[in-house]
Every structure is written in structure tokens, then in C-alpha cells.
Undergrad: 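I have a structure here, written as C-alpha cells, and I will follow up with some questions on it.
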Amino acid sequence: MIPDVAQKFYITTAISYPNGVPHIGHAYEAIASDAIARFERLDGKDVLFLTGTDEHGLKMKQTADKEGLTPRALADRNAARFIEMAAVLGISNDDFIRTTEPRHYEACAELWRRMEAAGDIFKKKYGGWYSVRDEVYYKEGETEIRDGQRVATPTGTPVEWTEEETYFFRLSAYQDKLLAHYEANPDFMLPLERRNEVVSFVKMGLEDLSISRSTLDWGIPVPGNPAHVMYVWIDALNNYVTATGLLNGGANPRSHYWPADVHVIGKDIVRFHAVYWPAFLMSAGLPLPKRVFGHGFVLNKGEKMSKSVGNVVDPFDLVKAYGREQLRFFFLREVMFGHDGNYSPEAIANRINADLANNLGNLAQRSLSMIYKNCDGKIPVPGAFTAEDNAMLAAADGLYPTVRAEMDRQALTKYLDAVWSVVSEANQYFAAGEPWAKKKTDPERMATILYVTAEVVRQFAILAQPAMPESCNKLLDLMAVPADARSFASLGAKGRLAGGTPIPEPQGVFPRYVDPAEAEAQAQQKAEMQAKLDAKAAAKKGKPK
RNA sequence: GGCGGGGUAGCUCAGUUGGUUAGAGCGGCGGAAUCAUAAUCCGUAGGUCGCCGGUUCAAAUCCGGCCCCCGCUACCA
């Protein structure tokens, strides 16, 4: 991997709004983005991975007021929680941007100036039903008459018709350019279903966009007119550019990362990323991101999580209950990336046990412990390969091109599906080979089967690192794979395990998950089962042949 | 209302351009094995492929109609 020629890859998550604490949706997006970032790093790319918090705006101010804090103090407190979540989930972000940082103020001011210089920003009266108490405009349909007084339906606060002069962005001028860009770049929006929605939205016609407020002071001041602050869009979206330093003047070691290769966001904010954001960038003369990926939501047993239903799940609790890596794997494997998916305790336990403990973990454990016990504690030197051996190796060697193609479109779930289908093949190979039965009859054959099995496990461990970095590294430790031979460059024939390499005593890397509440019952059941087995064995022994 | 997506085994879903016995995983059932984290392997379970009609030698896959679910339909992000 030569840094100078390594292809760059810039990936971002949406920045989280920290007027509350992180929930499972934030965790899901962070995990998926992290897996993509890790995959690209392992594939030799020069990666910049960004996440952060979006700290301005009315809601921050309102929440702060309610808690008797300044918006800044609220942002500090809650952003810390998001940073903590990233750490707890094992997120490998290179930077964590907060929109209240000076660098972001600078970059947004510069973006504004460029858009203004392009003639796309102008002042205009913006009218609506304004609630002084909420400090926000409501549309006609969001208000109603109660006791002769017009109030905002959502909050019940009185509203009055107010006109404010705000700055507008000439979004209407970009309709055709945007459509042309979608046309020329069919993969600009993924998954494909989202594309249609955005295209039809743009085709319906774009109106100019109000991008400042003078009724709010918690925001980034408009250059040349500090009585106004930038209103949401520019502030919230431009963080992606800020992190590269491209708009902060001077030389910046990160400026080559722009444009982003993929913005990973929730499906609910696709429009802002696929319409407003590219229009701003076009106006400012900056290159457009290569892709906007709108992932789905994780639903709690089919229901959207909400405070009123009381089914909100805390990501910190989930990590505690199931383990960081198990949780990461579950979300990536179980929820088709780009679609909505379901979370349930049963589903998580099932995935952990079926895919990790039973299929991969147990395969590794049984093959490595046979090697440890029967091959002098060293990776065996294989004999001549049979057709079965070659087929097994070919299946593992063939995974890289497959998963690379899937990940070209951020198809995380399909990439893991591909790996696990070969894991399953490896279990069949191992069972069919019956190395334990050949211990005495044909030790060389046994050694070859064990070698081939360990070799494919090596590749599974390398390939699964983006989902489970720590566990996979432990697994690679068990095979004494050198630290510099764990990237995708070592996949396939060129990275084969070296016969004769001593290995440590194998230890389980992927334990079974047992619900603590059922653990006791399980233990009792296990004891009974053991007793039954013993009895059976005794009976068998006593039975004449 | 308009545009778009979807209704396939108990559960979660795959099913390219129509073609021999409609698939996978999980669960269930039967068997094998005992190297292993009681994990694994083999076999099996017989689902009107939402409903009706049409095209065709042949349709889950094409056409028409109907029923149900979901998404989008701009300034909270």
C-alpha cells in the first residue's frame, strides 16, 4: 500500500442533532458507515471518515431554555454523549465535527460568499404565521382557530401573520442542472427507489429557498449582516466540506478528499442531500459528492421507536447486553442496507448464535483445536490438494471480487451474505472430510483438510473485519497471521497460511449468547442433557455387539 | 388525488431478460457423527407465489381490473 498512489475515499454520516441523547438510529448509521470506511481502508484506500453533531437551530435553543442552560452548554453536554457512543460502538471516524466550531463558521461564511458572488443569494420578504413563543413560522395548514384565536396546531401557541425579510437561495435556477446531473449519474442516489422520489420531486418544480432568519440568534451569522443567521441548510450540510478544510483558506492536508465519495444518511433526509446540497455546491463552484446513500430505519418489532410507545432502545444498553461486535454484526447482516429492518432481542440472539458462534466460531474452534492437539501446535504442511480442497479454496479466493463489487454500491448486507455462504460451505467441507476420523488412518489427509479449513477461516477473518474488527483480529491472532498480512491485499493464494507456523492454544472468539434470565434454566437443562448422554453412553458400552 | 414500491413456505426474505419437480436462512420434524462453543452434517417439511380475468405451447415472472400495505408529494431536520 503506497500512500502516494492510494485512491482516496471520503465517507460521512449525517451529523446528529444533539437536543437529545443518541438512539438506535444514530448507532445504526454510525455502524454501517464505519463498516464501509473500514472495508475501504482494508482495501488499500486512503480514507477520511467523518461524523459529528449539528448544534444550531431553534430546537437546540428551546431545549436549552427548558433545561435552564445556554445552547452552547447543552451542545457541549450532549455532543459528548454522541462522541461517547462512537467510542462504545468502535467507530473509526477520523474526525468528529461540531457545527459550533470556528472552522465551520469560517467555512460556512466562505460558502455563503461564493454563492452570493454567483448571484444566487438575494433578499426577499418571507411571510408566514409566526409564533413568538416558538420563534418559528407555521404554514397555514399547521394552524387553526381556537376560541377566536389562530394558534399553531402542534404547540397551541398563538400565531400572527408576520413578514420578515430573509435571504433566499435561487434554487429554482438549478432544476434543469440537477435533473441533468441525475441523468448523467445514475448511481448518484442509492438505493434506486429513492432516486425516483427525488427526480419526481425536482420535476414538480423548485422554489427558491429561505436560508436565513433574523428572529433567531443561535446560528452562524450571515457575512456582512450579523442581524441574520444562516438557517439550517447551509450550516447543516456544509460540515462535509468544512472537515476537508477546502473552504478555510490556505493549504490543507485534507482538501484532496473533497468531493465526498458517499454521504450515508437516513432515508428521511435524502432530499436535502440530493437536491439542496448539490445545488449549493454547483452555485459555489465546488464538485458534487459522488453518491448519497439513504439507508432505512431500524424498527422495534415492526414499530417505529417513539417515546410515547415506550419502545425506545438505548444503544449503550444494547452494547452492554450483547457486546459491541455482536451488535454491529447483527445490524449489518440482518437489516438489508437501504431497506427498513427489524430489531428484536430474539433476532439478535439468533444471529449471534447461528452465524457467529455456530457457523464461524465453531468452525474455527474445531479446526484450530485439532491443529493444536494433533499437528504439534503448528499450522500443518498440506499434502497434495484434492478436487474438494481446490474447490473449497477457490470458493474462498473468489470472495474478494464478489464483495468488492457489492461494496462498490455499499451493499453491506450482500457482502456479508456472500462471506457467510462460503462459511457454510466450509462447514460442509469439514464435515465431509471428517478429519477426526482420519487421525489414525490417514494423518496426512487429516493435516491437509485442517490446513485448508484454517486457510479459509483466515480469509473469513480478514473479510469480516469491517463488521467485527476486534473479534476478527483475535481470530487472526489464533492463526498467527502477521499484523501486516491482514488487509485485503493478503486475500487469496498470495496470502496462504505458512505450514509450520506455531499457533497459540485456541480460544473461543464468538461465544454463544444466552439470555441471562434463561441462563439458569439453561444450565439445568444442560445438566439433564449431560446425564442423559452419559446414560446412553453407558448403555451403549454395556450392549454386546 | 398524483407519482413510486410491495403483497412468495410458521417467521425474515431471494427470485435476472416468462420455461423442466418455486428457492435460502431461521424455526419444526427424522437421522448421522462426536473433532468442536449440544455446535456440525444429511434428509424432510409439500406454500391457491394478494384476488379475478387475459396473452402464450408455457407465467410468481407479460397485459387489464380489483383488494390491502408502504414511501414521496419542499423550508423541523
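Per chain, numbering begins at 1; letters A, B, ... match sequence-line order. For the numbers below, each heavy atom of this structure counts, side chains included, while hydrogens, waters and symmetry mates do not.
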Undergrad: Within this structure, what is the CG-CG distance for the pair A/Asn427 and A/Asn358, rounded to the nearest 0.5 Å?
TA: 9.0 Å
Undergrad: Once you apply a heavy-atom cut-off of 4.0 Å, does A/Val275 come out as touching a base, just sugar-phosphate, or nothing?
TA: nothing
Undergrad: Taking atom P of B/A33 as reference, at what distance in whole Å does atom OH of A/Tyr429 sit?
TA: 22 Å
Undergrad: Output yes when A/Glu197 and A/Arg271 qualify as a salt bridge under the 4.0 Å nitrogen-oxygen rule, no when they do not.
TA: no
Undergrad: Going by distance alone, is a donor N or O of one side chain under 3.5 Å from an acceptor N or O of the other, for A/Thr51 and A/Thr13?
TA: yes
Undergrad: Ignoring hydrogens and angles, are the base of B/A39 and the side chain of A/Asn358 linked by a donor-acceptor pair under 3.5 Å?
TA: no
Undergrad: Report the distance from atom CD of A/Glu505 to atom C1' of B/A36, rounded to the nearest whole Å.
TA: 14 Å
Undergrad: Please encode protein proximity along nucleotides 71-77 of chain B as a string of B, S and -, counting only heavy-atom distances under 4.0 Å.
TA: BSSBBBB
Undergrad: If you assign each of A/Gln507 and A/Asn350 to its closest nucleotide in RNA chain B, which residue comes earlier from the 5' end?
TA: A/Asn350
Undergrad: What's the closest nucleotide to the A/Trp436 side chain, out of B/A36, B/U34, B/C41?
TA: B/U34
Undergrad: With nearest nucleotide decided by heavy atoms, which residue, A/Lys373 or A/Glu193, maps closer to the 5′ end of RNA chain B?
TA: A/Glu193
Undergrad: Nearest-Å distance, CD1 (A/Ile352) to P (B/C26)?
TA: 16 Å
Undergrad: Is there a side-chain contact between A/Tyr130 and A/Val159 (heavy atoms, below 4.5 Å)?
TA: no
Undergrad: Reckon A/Asn359 touches a base, only the sugar-phosphate, or nothing at all at heavy-atom distances under 4.0 Å?
TA: sugar-phosphate
Undergrad: Below 30° counts as parallel, above 60° as perpendicular, anything between as tilted: where do the rings of A/Phe169 and A/Tyr174 land?
TA: parallel
Undergrad: Does the pair A/Asp54 and A/Lys59 meet the rule for a salt bridge (charged side-chain N to carboxylate O under 4.0 Å, His left out), with working shown?
TA: CA-CA 11 Å; A/Asp54 172 22; A/Lys59 276 187 187 163; over 6 Å; no
Undergrad: At under 4.0 Å, does any side-chain N or O of A/Arg512 touch on OP1 or OP2 of B/A39?
TA: yes
Undergrad: If I take atom CZ in residue A/Arg351 and atom P in nucleotide B/A24, what distance separates them, rounded to the nearest angstrom?
TA: 16 Å
Undergrad: Using the salt bridge (charged side-chain N to carboxylate O under 4.0 Å, His left out) rule, take A/Lys124 and A/Asp208 through it: C-alpha gap first, then chi angles, then the decisive distance, then the call.
TA: CA-CA 10 Å; A/Lys124 195 177 112 181; A/Asp208 294 335; 5.3 Å; no
Undergrad: So if I define the base as every atom that isn't primed, P, OP1 or OP2, how would nucleotides 9-17 of chain B read as a B/S/- string at a heavy-atom cutoff under 4.0 Å?
TA: ---------
